[in-house]
Amino acid sequence: MPDSSYRAIGILDSGVGGLTVFQELIRQLPHEKIVYFGDTARMPYGPRSDEEVRRFALQIIEFLQNQEIKMVVVACNTATAAGLSHYRAHCDIPVVGVIEPGVRAALAYTKSGRIGVIGTAGTIRSSAYQKALQEARPGLLHIIARSCPLFVLLVENDLVETPEAEKVAQEYLAPFKEAAIDTLILGCTHYPLMSGLIQRTVGPEVKLVNSAEEIARDVKDILTRQELHNPLQCADPGYRFFVSGNPYSFKEIASKMLRRRIEAYQVIL
Ligand code: DGL
């Protein structure tokens with residue numbers, strides 16, 4: 001058993017959205033310590049350039065590496081799309097991103113080969129999902145992708161269950177209904193938090209792929225393969241939360257989302 005197995009899993013996201021990945025990780029790996037970093041002062045990443053997002057992500061990874069971690073989970077789709085291979089080249093521990101697991105799950109679900117992808121402007125512009133899907137099944141898929149920037153704002157401002165949100169969802173998702181997709185990749189940390197509205201809008205026959213569930217499965221596989229599971233089987237392994245912005249508002253939102261009181265600390269990078 002390598003000594004590093006006692007270390008934590010580091011998660012990075014632009015804000016609170018990555019807590020959907022945190023939730024899945026603690027569900028599938030209840031004995032692992034986790035250090036979470038939300039770059040709340042600089043979010044949203046969606047409209048930023050790849051170069052800037054890469055720079056921010058590397059700063060966070062450096063911070064996380066000083067917190068005794070054994071692997072990095074890039075929970076943010078935009079940061080994954082902007083440069084996963086770049087982060088891997090800068091780290092000597094495993095780095096996983098959300099795109100590969102989401103693509104694999106979509107391919108496992110689709111029957112018609114008609115797949116939709118929604119994400120931030122950065123994620124869709126990068127074509128990371130579209131390329132990964134096409135490479136896996138060249139010429140066999142019909143892929144339709146669209147950025148849905150207002151979705152992040154709806155979630156952040158607790159406006160998902162409003163008539164305005166309904167209208168925005170109808171508008172963004174109409175092309176997916178027309179294209180008769182059977183699988184829709186939720187390519188953004190925030191979208192699982194509005195999956196009810198998305199499912200109602202696209203119809204019950206469309207399978208929604210939640211990257212959070214898929215990446216947690218990948219993390220588990222890596223820990224198993226590399227014998228990195230925490231040997232200490234305690235019920236409360238320890239979770240730490242750091243943010244670049246206001247720790248109090250993060251603490252409030254995160255405690256509500258996770259249904260447990262958490263503390264968050266501000267770090268200026
Ligand atoms: N975390 C981002 C993502 O998954 C969404 C929020 C943002 O734009 O920063 O793409």
Side-chain angles (χ1 to χ4, degrees), residues 10-25 36-61 64 72-84 86-87 95-103 105-106 116-132 145-160 165 168 172 184-195 198 208-216 218 241-246 249-250 253-254 257 269:
I11 305 183
L12 77 91
D13 183 46
S14 54
V16 293
L19 291 172
T20 52
V21 173
F22 173 86
Q23 251 167 333
E24 267 306 310
L25 278 178
Y36 184 97
F37 192 101
D39 198 1
T40 50
R42 302 186 292 196
M43 110 131 228
Y45 280 6
R48 295 182 186 274
S49 72
D50 287 356
E51 190 277 328
E52 191 170 37
V53 171
R54 271 199 296 272
R55 186 159 50 79
F56 292 171
L58 280 176
Q59 284 174 346
I60 299 170
I61 289 172
L64 288 172
V72 176
V73 177
V74 184
C76 177
N77 290 257
T78 311
T80 304
L84 188 64
H86 197 70
Y87 317 139
V95 182
V96 293
V98 263
I99 291 177
E100 285 166 22
V103 164
V117 184
I118 51 176
T120 65
T123 300
I124 300 303
R125 190 189 56 234
S126 76
S127 299
Y129 274 108
Q130 300 92 306
K131 280 188 212 147
R146 183 165 193 189
S147 64
C148 305
L150 290 178
F151 279 178
V152 168
L153 294 178
L154 292 175
V155 171
E156 288 286 325
N157 296 296
D158 208 5
L159 292 171
V160 172
V168 170
Y172 279 151
L184 179 64
I185 299 178
L186 306 182
C188 174
T189 44
H190 287 58
Y191 301 171
L193 299 169
M194 54 184 294
S195 57
I198 296 173
L208 302 187
V209 172
N210 174 352
S211 323
E213 272 169 32
E214 305 303 332
I215 198 171
D218 265 29
F241 297 88
F242 297 97
V243 288
S244 54
N246 183 337
S249 50
F250 180 89
I253 300 169
M257 253 176 92
L269 293 175

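We count ligands from 1, going down the list as the structure has it; atoms in each ligand are counted the same way. If you're wondering where the values come from, they're calculated on a predicted model, not measured in any experiment.
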Salt bridge (charged side-chain N to carboxylate O under 4.0 Å, His left out) filter on Glu213, not counting sequence neighbours, yields none

d(Asp50 CG, Arg125 CZ) to nearest 0.5 Å is 5.0 Å

Across all chains, not counting sequence neighbours, the side-chain contact (heavy atoms from CB on, under 4.5 Å) partners of Leu150 are Leu153, Val168, Tyr172

Residue shell for ligand 1, any heavy atom closer than 4.0 Å, reads Asp13, Ser14, Pro44, Tyr45, Gly46, Cys76, Asn77, Thr78, Thr120, Cys188, Thr189, His190

Those residues at least two apart in sequence (or on a different chain) that pass salt bridge (charged side-chain N to carboxylate O under 4.0 Å, His left out) with Arg48 are Glu52

Ring-plane angle category for Phe250 and Tyr36, please: parallel below 30°, perpendicular beyond 60°, tilted otherwise. tilted

For Ala165 and Val160 the tightest heavy-atom approach is CB-O, 3.1 Å

